[in-house]
Amino acid sequence: MGLSSIVENISINEFIIYMLSLLIYALITMYIGYYIMIFTHELGHMFFGFVTGYRFLLFRVCTLVIVLKDNKLRIKRYRNERSIGQCILLPPKNKDSYFFMMAGGIIFNLISGTITLLILFFLKYPFHIKLILAINSYLNYISVFMNMSTFKSNRSESDGLCLKNLFKNKISLNSHYKQLYITEEILKGMKYSEMDGSLFDINEQADMINEINASMYLYRYYRQLGLGDIKAAKNELKIIKLLEGHYTKGLQYDIAVEELFCKYLLGEDIDIEKYFKLLEKETRNPHVLRILIIIYYNKKDVINYEKYLTKLESQITSLYTGEIYYNQDIVKQWTKEDFKLGCNR
């Protein structure tokens with residue numbers, strides 16, 4: 001029965017109730033379909049990654065994570081404010097096969113959207129089933145459009161932007177692979193300062209407008225900061241600070257936050273109230289928590305110091321444990337304080 005035939009045989013009140021019910025049904029369908037779309041996208045990355053020789057490390061849809069730790073698959077909860085899904089795979093050795101893995105999410109969304117669209121047009125179903133198919137197709141095509149986008153206003157790099165930065169570029173591909181290996185070490189609980197220094201090497205001819213290469217300098221900054229060399233850390237940031245307008249909002253935020261942190265540690269003048277407003281945008285970020293703890297310690301603000309210290313300590317069992325240990329170490333370096341929980345491994 002179509003929508004028009006239903007409307008012809010009901011009263012105004014019944015019509016209003018029917019339309020409200022239809023709206024609720026559509027919203028619920030869109031809500032569920034949204035998560036299915038994310039799962040489909042990340043599944044595409046994983047499928048094509050496995051086909052081309054990649055190894056599994058992490059699969060996330062919103063806050064639900066499946067991660068490989070100690071050679072065992074574990075289920076965890078983790079919230080990332082910059083992305084709604086993630087599939088991290090380790091590359092095959094001696095093989096530059098990034099394209100299909102990187103484009104896999106777009107391909108799966110395109111296939112899913114097209115199949116449901118064909119079913120919608122060529123097979124007869126009740127209206128409520130057609131609505132499900134239409135919403136599913138719409139969400140998948142929206143995902144294709146968003147992930148093919150190379151706009152740099154996003155909080156993190158889209159698949160399209162990553163592909164653009166990797167295309168025929170051996171240097172950025174090498175940087176990309178190193179970042180995957182760094183992530184693997186972080187998931188194992190390794191701090192930046194403990195990792196093999198060669199993981200942070202970057203070719204001198206690297207194009208620094210390319211965000212993948214620029215991100216390497218942020219990792220180099222973290223390593224120098226962890227080693228206690230604040231001036232060397234600041235120099236790493238200088239290299240990418242001049243070009244930050246070419247990067248996504250997420251990387252711009254990281255650069256701004258850490259540049260002000262360096263100035264703060266070196267005793268340079270900064271607008272502390274403006275800095276607080278910047279930091280408050282990402283108070284789940286362990287790097288931001290580290291900064292807030294040190295600032296409130298120096299301000300002798302015990303309440304906020306303990307608030308953010310507890311928040312950092314509570315993340316010790318979270319996904320990226322190496323980042324928590326790393327930021328705890330930085331706090332210890334600059335406050336000479338030990339932790340109530342989790343500071344020793």
Side-chain angles (χ1 to χ4, degrees), residues 63 76-83 155-156 186 189-194 217-238 240-241 244 249-345:
T63 61
K76 287 183 171 286
R77 289 281 183 180
Y78 178 77
R79 183 184 298 278
N80 187 318
E81 296 171 339
R82 298 184 184 181
S83 67
R155 294 290 287 164
S156 59
I186 288 290
M190 188 81 73
K191 295 174 280 191
Y192 295 107
S193 54
E194 296 174 332
Y217 277 91
L218 186 64
Y219 284 119
R220 288 163 65 92
Y221 161 82
Y222 289 143
R223 178 173 169 79
Q224 293 294 349
L225 191 64
L227 292 170
D229 193 339
I230 183 65
K231 290 185 178 179
K234 187 178 179 182
N235 286 335
E236 300 289 357
L237 279 184
K238 277 183 181 178
I240 52 177
K241 173 65 179 175
E244 65 177 345
K249 295 296 183 183
L251 183 55
Q252 288 181 27
Y253 177 84
D254 293 335
I255 294 170
V257 162
E258 298 296 350
E259 182 197 30
L260 288 168
F261 182 60
C262 286
K263 288 181 177 181
Y264 176 80
L265 294 180
L266 293 169
E268 298 177 23
D269 289 334
I270 61 171
D271 186 337
I272 198 69
E273 294 305 320
K274 188 177 179 180
Y275 192 22
F276 276 134
K277 288 180 181 178
L278 183 66
L279 293 169
E280 285 169 1
K281 292 180 179 180
E282 290 195 15
T283 55
R284 295 183 59 85
N285 184 328
H287 297 294
V288 170
L289 290 174
R290 168 245 302 168
I291 296 169
L292 287 167
I293 292 165
I294 292 173
I295 291 175
Y296 282 120
Y297 174 85
N298 290 328
K299 288 170 69 72
K300 295 182 172 54
D301 185 334
V302 177
I303 293 174
N304 280 309
Y305 166 77
E306 292 186 347
K307 171 187 170 182
Y308 290 111
L309 181 61
T310 302
K311 203 167 184 179
L312 180 63
E313 289 171 345
S314 70
Q315 294 187 16
I316 203 67
T317 57
S318 72
L319 197 58
Y320 297 97
T321 49
E323 282 201 335
I324 310 306
Y325 292 133
Y326 162 79
N327 283 295
Q328 284 184 331
D329 272 6
I330 304 298
V331 171
K332 286 166 67 178
Q333 285 178 28
W334 292 92
T335 65
K336 309 303 180 185
E337 291 280 327
D338 208 342
F339 294 101
K340 295 172 286 184
L341 301 171
C343 64
N344 298 312
R345 284 193 274 163

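A quick note: this is a predicted structure, and the numbers were derived from the prediction, not measured.
Residues E194 and G189 come closest through the heavy atom pair OE1-O, 4.4 Å. The nearest pair of heavy atoms linking I295 to Y264 is CA-OH, 3.6 Å. When all heavy atoms of Y221 and C262 are compared, the closest pair comes out as CE1-SG, 3.4 Å. Nearest heavy atoms, V331 versus T335: O-OG1, 2.7 Å.
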Check against side-chain contact (heavy atoms from CB on, under 4.5 Å), Q315 and L289
CA-CA 11 Å; Q315 294 187 16; L289 290 174; 3.5 Å; yes

Take Y78 and Y320, measure what side-chain contact (heavy atoms from CB on, under 4.5 Å) needs, and give me the verdict at the end.
CA-CA 9 Å; Y78 178 77; Y320 297 97; 3.6 Å; yes

After noting the C-alpha distance and the side-chain angles of E323 and Y192, does the key distance pass the side-chain hydrogen bond (donor to acceptor under 3.5 Å, both in side chains) rule?
CA-CA 8 Å; E323 282 201 335; Y192 295 107; 2.8 Å; yes

Test log, rule side-chain hydrogen bond (donor to acceptor under 3.5 Å, both in side chains), inputs T63 and R79
CA-CA 5 Å; T63 61; R79 183 184 298 278; 5.7 Å; no

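Note that NZ of K299 is 6.5 Å distant from CD1 of I272, once rounded to the nearest 0.5 Å. To the nearest 0.5 Å, the span separating NZ on K191 from CG on D329 amounts to 3.5 Å. Expressed to the nearest 0.5 Å, how far NZ of K311 lies from CG of N304 amounts to 11.0 Å. Going from atom CD1 of I293 over to atom CG of N298 covers 12.0 Å, rounded to the nearest 0.5 Å. For the atom pair L260 CG and I270 CD1, the distance stands at 5.5 Å (nearest 0.5 Å). With rounding to the nearest 0.5 angstrom, the CD atom of Q224 is 10.0 Å from the CD1 atom of I230.
Y253 and E282 are not linked by any side-chain donor-acceptor pair at a separation below 3.5 angstrom, with hydrogens and angles left out of the test.
None of I324, L225, L309 except one satisfies the side chain to side chain contact (heavy atoms under 4.5 Å, CB included) rule with R290; the exception is L225. Evaluated for a side chain to side chain contact (heavy atoms under 4.5 Å, CB included) with D254, the options I240, V288, L218, L237 yield exactly one hit, L218.
The list of salt bridge (Lys or Arg N to Asp or Glu O under 4.0 Å) pairs with a residue in residues 269-278, not counting sequence neighbours, is empty.
Note: Y296 and Y308 have parallel aromatic rings, judged against thresholds of 30 and 60 degrees for the angle between ring planes. The aromatic rings of H287 and Y222 lie parallel to each other, their planes meeting at an angle below 30°, with 60° marking the opposite boundary.
The number of heavy atoms from other shown groups lying within 6.0 Å of CD1 (I303) does not exceed 12.
Checking side-chain atoms of Y305 against main-chain N and O of I294 turns up no donor-acceptor pair under 3.5 Å. Distance alone, capped at 3.5 Å, is enough to place a donor-acceptor pair between the R82 side chain and the G250 backbone. Between the Q252 side chain and the E244 main chain, a donor and an acceptor come within less than 3.5 Å of each other.
Not a single ring-ring contact (aromatic ring centres under 6.0 Å, His included) links F261 to another residue, sequence neighbours left out. E236 is linked by a salt bridge (charged side-chain N to carboxylate O under 4.0 Å, His left out) to R220, counting only residues two or more places apart in sequence or in another chain.
Note on K241 versus E258: no salt bridge recorded, every NZ/NE/NH1/NH2 to OD/OE distance being 4.0 Å or above.
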